[in-house]
Amino acid sequence: MNNKYELIYEGKAKKVFSHDDKDKVLIEFKDDATAFNALKKAQFEGKGRLNCLISARIFELLKKNNIPTHFLELKNEHTMIAQKIKVIPLEIVIRNTAYGSLCKQTTIKPGTLLSKPLLDIYLKNDELNDPLITKDRIALMNIVSSCDLDLIIDLTLKINVILKSFFKSIQLKLVDFKLEFGYDFENKILLCDEISPDNCRLWDLNQKNGTIVSLDKDRFRNDLGGLIEAYSEINRRINDFI
Ligand code: UDP
């Protein structure tokens, strides 16, 4: 990134830079991949670009459906211009099909279709290993008001309806995904972070024999190989559709 922009924050998968407009930031998507709270790390050339392009398309789709997001426009293929926000330290996970940690922590079998979406909230705190958290604990820690939490939950459920139907139309099953929200300069709640195969589980619906083919970060988590091919396939299907 051009050094006229100051690095404000570097996360595991993105770098955030200042923008000429103080209410905006530049978000650069990195090729780094981490899993299991960064115990497992690797680099995949081209991942940052693919996640940036996929996220931009999904944010545009959500905006069209009246979901407030931080996304403004692409600066280039691996950098987006976004509203500057104060991130709320919660990770909102919504699940349509049981997989991952849900099956490790309960007796629910992987692949079970849930009769209604399950919403799990985690505290965004690497030192504590992002623990599952309750509404009462969120209130106790004064993270957000109960009214704002209800708004976040309502937005998440709406986003799930939009994305489930969108991904189905490109032959992908939206198993689960993680969202983050923040406050803009007017204290308005906006969807932020990214929506990409790094934080969504997407299974290929083109499989005839019912085998699970993950086109998401599980390819890295579970050493399946072919991560860039999977992310490219998702980007291709999105571009062919929109
Ligand atoms: N997820 C994420 N970041 C995290 C944890 C989970 O983006 O720090 C996403 C993950 O990609 C999946 C969903 O949230 O789409 C549910 O993940 P789960 O709780 O099953 O955790 P995991 O199996 O990844 O440990």
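Both counts, for ligands and for their atoms, begin at 1 and track the order of listing.
If you number the atoms of ligand 1 from 1 as listed, the ones under 4.0 Å from a heavy atom of R201 come out as 12 (C), 15 (O), 16 (C), 17 (O), 18 (P), 20 (O), 22 (P), 23 (O), 24 (O). Short contacts between ligand 1 and D176, defined as distances under 4.0 Å to a heavy atom of the residue, involve ligand atoms 12 (C), 13 (C), 15 (O), 16 (C). Ligand-side atoms of ligand 1 in range of E91: 4 (C), 8 (O), range being under 4.0 angstrom from any heavy atom. Short contacts between ligand 1 and G100, defined as distances under 4.0 Å to a heavy atom of the residue, involve ligand atoms 20 (O), 23 (O). If you number the atoms of ligand 1 from 1 as listed, the ones under 4.0 Å from a heavy atom of V93 come out as 14 (O), 16 (C). Listed by number with element, the atoms of ligand 1 under 4.0 Å from a non-hydrogen atom of R95 are 16 (C), 18 (P), 19 (O), 20 (O). Of all atoms in ligand 1, numbered sequentially from 1 with element shown, those under 4.0 Å from a heavy atom of C200 are 15 (O). Heavy-atom proximity to Y122, at under 4.0 Å, picks out these atoms of ligand 1: 19 (O).
Of the heavy atoms in D216, none comes closer than 4.0 Å to ligand 1.
One finds no salt bridge joining D204 and K173 here, because no Lys/Arg side-chain nitrogen approaches an Asp/Glu carboxylate oxygen to under 4.0 Å. Ion pairing between D218 and R221 holds under the 4.0 Å rule for side-chain N and carboxylate O. Under 4.0 Å is where a charged nitrogen must lie from a carboxylate oxygen, and between E180 and K124 at least one such pair does.
Nearest protein heavy-atom neighbour of atom 24 (O) of ligand 1: R221 NE, 3.3 Å. Counting only heavy atoms of the protein, atom 20 (O) of ligand 1 lies nearest to S101 N, 2.8 Å. Protein heavy atom closest to atom 1 (N) of ligand 1, with residue, atom name and distance, is K178 CB, 3.8 Å.
Proximity of the aromatic rings of F17 and Y9 is defined here by a centroid distance below 6.0 angstrom, and this criterion is not met. Here the two rings, on F44 and F220, have centers that are under 6.0 Å apart.
The shortest separation from a heavy atom of D198 to ligand 1 is under 4.0 Å, placing the residue in contact.
Here the closest heavy-atom approach between residue D130 and residue Y122 is recorded as O-CD2, 3.4 Å. Heavy atoms only, all atoms of each residue included: S55 and E194 are closest at OG-CB, 3.4 Å.
Taking the six-membered ring where the residue is Trp, F59 and F71 present parallel rings, their angle staying beneath 30° rather than reaching 60°.
Of the N or O atoms in K104, none lie within a sub-3.5 Å distance of an N or O in ligand 1.
Counting protein heavy atoms under 4.0 angstrom from atom 6 (C) of ligand 1 gives zero.
Within a 6.0 Å sphere centred on CZ of R236, other residues, nucleotides and ligands contribute more than 12 heavy atoms.
By the side-chain contact (heavy atoms from CB on, under 4.5 Å) test, D148 is found to be paired with V144, S145, Y183, I189, residues two or more places apart in sequence or in another chain being considered.
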